[in-house]
Structures are given as structure tokens and as C-alpha cells.
Amino acid sequence: MKARDANEKAAVALESVVENIQKELETMQTRLFEKAKAFRAEHSHTHIDTMEQLKQHLAESEQNGQIPGWVLAGWCGDDACEEGVKEETKFTTRNIPFNPPTTKNTCLHCGREAKHTVWFARAY
């Protein structure tokens, strides 16, 4: 038996294969979930508040060969601002979290008062 996300292999008796697979699936689910949470945390950026900061972040990410990840920023709710961010950076809104890690007060694009705190990212 071998999990596709691990290198170890284990011999399993045929009469206990179902129990072993169920146990390994639970273990693998936890392992994959923790890996995904760590990846998200490592690539989430909450310190960016302006387009200039976002562009600087993108330039640094590209220069260092890193993915730019997700950016938590304010959005005034105006479609033109959302489109402006997309045109200038290829970032689009991903979601408006119910409980963001921090609240953003100014729109990333226009600088007006933010109505929403939004995760922005690129589609890959």
C-alpha cells in the first residue's frame, strides 16, 4: 500500500486491507489539509494597501521566482476599480471573507473608503 503523496510503502495483509486503507485515507486527508493551510498562510499577504505596494509586491515576487499569492485589500465596491486592478496587475477579486484577518479601510485602487475587505489573486 502506498499513499500518492508519500514515498513510503507498506505491505498489508489482504484480510485487513479495507481497515488499513480507511485509516490511511484519514491520515492522508489530514496531511494534505495541513499542507494546504501552510501553503495558504505562506502565500497570504495582508500588508498591501495601495496599487503601488501591490505592483512592488508583484515585481519582487517575479524577481525572486515566487508566486505572488493572495492579497487582502480594501475595495470600494466600484466595478471600475475592480477592473482597474485587473487591467494593471491581472489580479481579480476572489472572495469577501466573513471574518478577515484584518479589516481594510481604503480601496486598493482609488484610495476611497473601502466597503469590503477582499482577497485578490491571479488565476493560474
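Note that the numbering runs from 1 along the sequence shown for the chain.
- Residue-environment remark: CD (Glu88) exceeds the threshold of 12 foreign heavy atoms within 6.0 Å.
- At most 12 non-hydrogen atoms from other residues, nucleotides or ligands lie less than 6.0 angstrom from CD of Glu62.
- Separation of atoms NE2 (His43) and CD (Gln66) is listed at 7.0 Å; rounding is to 0.5 Å.
- Shown here for Gly74 and Ala114, the closest heavy-atom pair between the two residues is CA-CB, 3.8 Å.
- Qualifying salt bridge (charged side-chain N to carboxylate O under 4.0 Å, His left out) partners for Arg31, counting only residues two or more places apart in sequence or in other chains: Asp5, Glu24.
- Inspection of the Gln22 and Glu26 side chains reveals no N or O donor paired with an N or O acceptor under 3.5 Å.
- Between the side chain of Gln53 and the backbone N or O of Asp49 there is at least one donor-acceptor pair closer than 3.5 Å.
- Scanning all heavy atoms of the two residues, the minimum distance from Glu15 to Glu19 falls at O-OE1, 3.6 Å.
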**Report entry** CA sep, side-chain torsions, deciding dist, call: Trp119, Thr46, side-chain contact (heavy atoms from CB on, under 4.5 Å)
**Finding:** CA-CA 9 Å; Trp119 284 109; Thr46 60; 4.1 Å; yes
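- A chain of hydrophobic side-chain contacts below 4.5 Å, direct or via other Ile, Leu, Val, Met, Phe, Trp or Tyr residues, connects Leu58 to Trp75.
- Arg94 places no side-chain N or O within 3.5 Å of a backbone atom of Val71 that could act as its donor or acceptor partner.
- The cluster map of Ile, Leu, Val, Met, Phe, Trp and Tyr, joined by side-chain heavy atoms under 4.5 Å apart, puts Leu72 and Phe120 in different clusters.
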Report task. Give the intermediate values and the outcome of side-chain contact (heavy atoms from CB on, under 4.5 Å) for residues Asp78 and Arg112. Result -> CA-CA 10 Å; Asp78 188 341; Arg112 294 186 311 231; 3.4 Å; yes
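- The number of heavy atoms from other shown groups lying within 6.0 Å of NZ (Lys2) is above 12.
- A continuous path of ILVMFWY side-chain contacts below 4.5 Å connects Val18 to Met1, so both sit in one hydrophobic cluster.
- By the rule that hydrophobic residues join a cluster once side-chain heavy atoms approach within less than 4.5 Å of another member, Phe91 and Ile96 end up as members of one cluster.
- Contact record, Lys104 with Ile48: NZ-O, 3.5 Å, taken as the closest heavy-atom pair.
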Report task. Please lay out, stage by stage, how Ile67 and Phe39 fare under the test side-chain contact (heavy atoms from CB on, under 4.5 Å). Result -> CA-CA 11 Å; Ile67 64 167; Phe39 181 87; 3.5 Å; yes
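- Under the 3.5 Å distance criterion, the side-chain polar atoms of His57 are matched with a main-chain donor or acceptor of Pro68.
- Atoms OG1 and CZ, on Thr92 and Arg122 in that order, are 10.5 Å from each other to the nearest 0.5 Å.
- Contact detail for Val118 and Pro97: the closest heavy-atom pair is CA-CD, 4.3 Å.
- Under a cut-off of 6.0 angstrom, the local environment of CD in Glu52 is sparse, with at most 12 non-hydrogen atoms contributed by other residues, nucleotides or ligands.
- The two atoms that bring Val85 and Thr89 nearest to each other are O-OG1, 2.6 Å, heavy atoms only.
- Between atom CD of residue Glu34 and atom CD of residue Gln29 there is a gap of 10.0 Å, rounded to the nearest 0.5 Å.
- Note that the OG1 atom of Thr93 and the CD atom of Glu83 stand 10.5 Å from one another [nearest 0.5 Å].
- Going from atom NE2 of His109 over to atom NZ of Lys86 covers 13.5 Å, rounded to the nearest 0.5 Å.
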